[in-house]
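Below is one structure; the comments refer to it alone.
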Amino acid sequence: MAEWDGELRRELPEGADIFDAHTHLGTDIDGMVGIYDDLLRGMDKYGISRANMFCLDEPDRHPGFRAGNDRTLAFAERAQGRLIPYVRLDLSEEPIEEAKRCLDLGARGIKLHPRAQKFLLNDERLSPIFELAAERNVPVLIHGGRGLPPIADDLARVVDRYPKAQLIVAHAGIADLAALADRLGGKAGVFFDTSVWSPLDLLGLYRLVGPEQVVYASDYPYGQQPASLLISLRTARLAQLSDEQVLGVLAGNANRIADGEPPLEPSAPKGLDTFQQPMALARIHQYLSMATPLLWTRQPDTIGVLGLALNACADRDGHAEEREQIRELLEAARELWRVLPELEDEADQRVVSRTTFRLVHLADILAVTSGA
């Protein structure tokens, strides 16, 4: 990991400011934990000046995320401006009252999660939330990742109804990416964050929306460094973003949102409609894509997908340096993965599976973004 920290520093534009548009602190009902000291330590290590922050789907989320929102506000006060607090809402539990309470206490954004809180984007209870966001000049960040039906048409109708309300669609809007880009691309004040695990999703995003509509995000604690920044940087370079546009993605666009400044008018999308890569790296990517759901569900590698990916690293295709880097990552991952079935403690299982995934994820980022 230290080696890849160094690689990240070499790839960052000189003097780059970084703003993480999507982080969590607290404890989720799925067992994931976001720790204040860990987040701030990581921000210091990777040069991240500010971050949007909100609570997870907490065990004490009823009523209306009030306890989690209070912790969010306390964390933000403790961070002295580095963490931008967002109020998380449940549409079924007095969302406007909770939003006003927290905004009056210093919250500077609103977080909505339709999958976790089980609502659709045609829900009329969204209208007063967007109306309040426009009135208070605060952004709405909404989950746009896995586990959703098509959302573009309904979300676009809300955006058109409240054009002064700025919107951040999380996870690059992969739940409905093409339709979201068609309906929301070119709209100043609508943004997509980069918190995804697949480099192909970000390459797909850049060919559909202008770089002024993209904000860097990690989704801490689910997303980890250095992979989070590397995937954003390498895909931005592949999509042929200029240095100025890369700096905008890393911090400029998010800084404008946080500071209440008017958004920039989006320019034309970047990137190519056709993606090409060496065959060996394509094979490695295929096998690592097969490994990912196994690791997410803490299953052993009974199929042997890491072994297949390692075999593909021996292919002589002219990209020896990249294949050697991938091989080192995957050999370390294989040793960790082998001990997973022997662990009885759930906390140990979580640490080992997540560390293994971090290594696999770095290897997959290399496989997709090298030699393309």
To the nearest 0.5 angstrom, please state how far the [atom1] atom of [X] sits from the [atom2] atom of [Y].
X: Leu238; Y: Leu233; atom1: CG; atom2: CG; result: 11.0 Å
X: Leu208; Y: Leu203; atom1: CG; atom2: CG; result: 11.0 Å
X: Thr194; Y: Ile231; atom1: OG1; atom2: CD1; result: 8.0 Å

Honestly curious: do [X] and [Y] fall in one hydrophobic cluster under the side-chain, below-4.5 Å linking rule?
X: Ile303; Y: Leu306; answer: yes
X: Leu112; Y: Leu184; answer: yes
X: Leu250; Y: Leu202; answer: yes
X: Leu329; Y: Val352; answer: yes
X: Met32; Y: Ile29; answer: no

Could you tell me whether the side chain of [X] and the main chain of [Y] form a donor-acceptor pair under 3.5 Å?
X: Gln225; Y: Leu229; result: yes
X: Arg298; Y: Ser353; result: no
X: Ser370; Y: Ala367; result: no
X: Asp345; Y: Asp348; result: yes
X: Asn52; Y: His22; result: no
X: His361; Y: Trp197; result: yes
X: Gln299; Y: Leu294; result: no
X: Asp301; Y: Gly304; result: yes
X: Gln240; Y: Arg237; result: no
X: Glu58; Y: Leu56; result: yes

Taking the side chain as everything from C-beta on, heavy atoms only, tell me whether [X] gets closer than 4.5 Å to [Y].
X: Asp153; Y: Arg157; result: yes
X: Leu121; Y: Val158; result: no
X: Asp20; Y: Ser218; result: yes
X: Arg125; Y: Ser92; result: yes
X: Val209; Y: Pro266; result: no
X: Asn253; Y: Gln213; result: no
X: Leu362; Y: Leu366; result: no
X: Leu25; Y: Leu83; result: yes

Salt bridge or not for [X] and [Y], using N-O below 4.0 Å?
X: Arg161; Y: Glu124; result: yes
X: Arg350; Y: Asp30; result: no
X: Asp160; Y: Lys187; result: yes
X: Arg78; Y: Asp37; result: yes
X: Arg338; Y: Glu335; result: yes
X: Arg136; Y: Asp104; result: yes
X: Arg234; Y: Glu7; result: yes
X: Asp60; Y: Arg71; result: yes

> Could you go step by step and tell me if Asp70 and Arg101 meet the salt bridge (charged side-chain N to carboxylate O under 4.0 Å, His left out) rule?
Replying inline: CA-CA 10 Å; Asp70 283 342; Arg101 181 184 78 87; 2.9 Å; yes
Would you please test Asp259 and Arg50 for salt bridge (charged side-chain N to carboxylate O under 4.0 Å, His left out) and show each step?
CA-CA 11 Å; Asp259 295 339; Arg50 293 195 289 177; 3.1 Å; yes
Indicate the ring-plane relationship of Phe75 and Tyr36, choosing parallel, tilted or perpendicular according to the 30° and 60° boundaries.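 Parallel, since the angle between the ring planes stays under 30°.
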Next item on the list: Name the orientation class of the two ring planes belonging to Trp296 and Phe357 (parallel below 30°, tilted from 30 to 60°, perpendicular beyond 60°).
Entry: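 Correct class here is tilted.
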What's the shortest heavy-atom distance between [X] and [Y], and which atoms?
X: Gly68; Y: Cys55; answer: O-CB, 3.9 Å
X: Pro199; Y: Asp364; answer: CD-OD2, 4.0 Å
X: Leu264; Y: Ala188; answer: O-CB, 3.7 Å
X: Leu330; Y: Ala309; answer: CD1-CB, 3.7 Å
X: Asp315; Y: Arg323; answer: O-CZ, 2.5 Å
X: Pro226; Y: Arg358; answer: CD-NH2, 4.3 Å

Pairing donors with acceptors under 3.5 angstrom, does anything connect the side chains of Tyr46 and Asp5?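 Checked: Tyr46/Asp5 side chains pair up, N/O donor to acceptor below 3.5 Å.
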TODO: Return yes if a side-chain donor-acceptor contact under 3.5 Å exists between Ser242 and Glu244, otherwise no.
DONE: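 There is no such pair between these side chains.
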Among Asn69, Ile168, Val140, side chain to side chain contact (heavy atoms under 4.5 Å, CB included) partner for Tyr86: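 With Tyr86 as partner, side chain to side chain contact (heavy atoms under 4.5 Å, CB included) holds for just one option, Ile168.
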* CA sep, side-chain torsions, deciding dist, call: Asp176, Leu148, side-chain contact (heavy atoms from CB on, under 4.5 Å) -> CA-CA 8 Å; Asp176 201 11; Leu148 294 179; over 6 Å; no
inquiry  = Checking Leu281 against Ile326 for the side-chain contact (heavy atoms from CB on, under 4.5 Å) test, could you report, in this order, the C-alpha distance in whole Å, the side-chain angles of both residues, the deciding distance, and whether it holds?
reply    = CA-CA 10 Å; Leu281 298 180; Ile326 292 170; 3.9 Å; yes
Apply salt bridge (charged side-chain N to carboxylate O under 4.0 Å, His left out) to residues Arg82 and Asp44 and explain how you reach the verdict.
CA-CA 11 Å; Arg82 296 191 67 188; Asp44 290 339; 2.6 Å; yes
* State whether the number of non-hydrogen atoms from other residues, nucleotides or ligands found under 6.0 Å of Glu97 atom CD is greater than 12. =>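 Yes, CD of Glu97 has more than 12 neighbouring heavy atoms, counting only those of other groups under 6.0 Å.
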- Query: Around Gln117, counting heavy atoms of other residues, nucleotides and ligands shown, do more than 12 lie under 6.0 Å from its CD?
  - Reply: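 More than 12 within 6.0 Å, yes.
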| task | Could you give me the CA-CA distance, side-chain angles and deciding distance for Thr356 and Leu340, then say whether side-chain contact (heavy atoms from CB on, under 4.5 Å) is met? | result | CA-CA 10 Å; Thr356 307; Leu340 187 60; over 6 Å; no
* To do: Report the C-alpha separation of Tyr216 and Ser228 in whole Å, then their side-chain angles, then the decisive distance to 0.1 Å, and conclude whether the side chain to side chain donor-acceptor pair (under 3.5 Å) test is met.
  => CA-CA 9 Å; Tyr216 165 71; Ser228 175; 2.7 Å; yes
- Between Asp154 and Leu120, is a side-chain contact (heavy atoms from CB on, under 4.5 Å) present by the stated rule, with each step listed? CA-CA 9 Å; Asp154 293 327; Leu120 299 175; 5.7 Å; no
Please tell me whether His24 and Phe54 form a close aromatic pair, meaning their ring centres lie under 6.0 Å apart.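 Yes - the distance between ring centres of His24 and Phe54 falls below the 6.0 Å cut-off.
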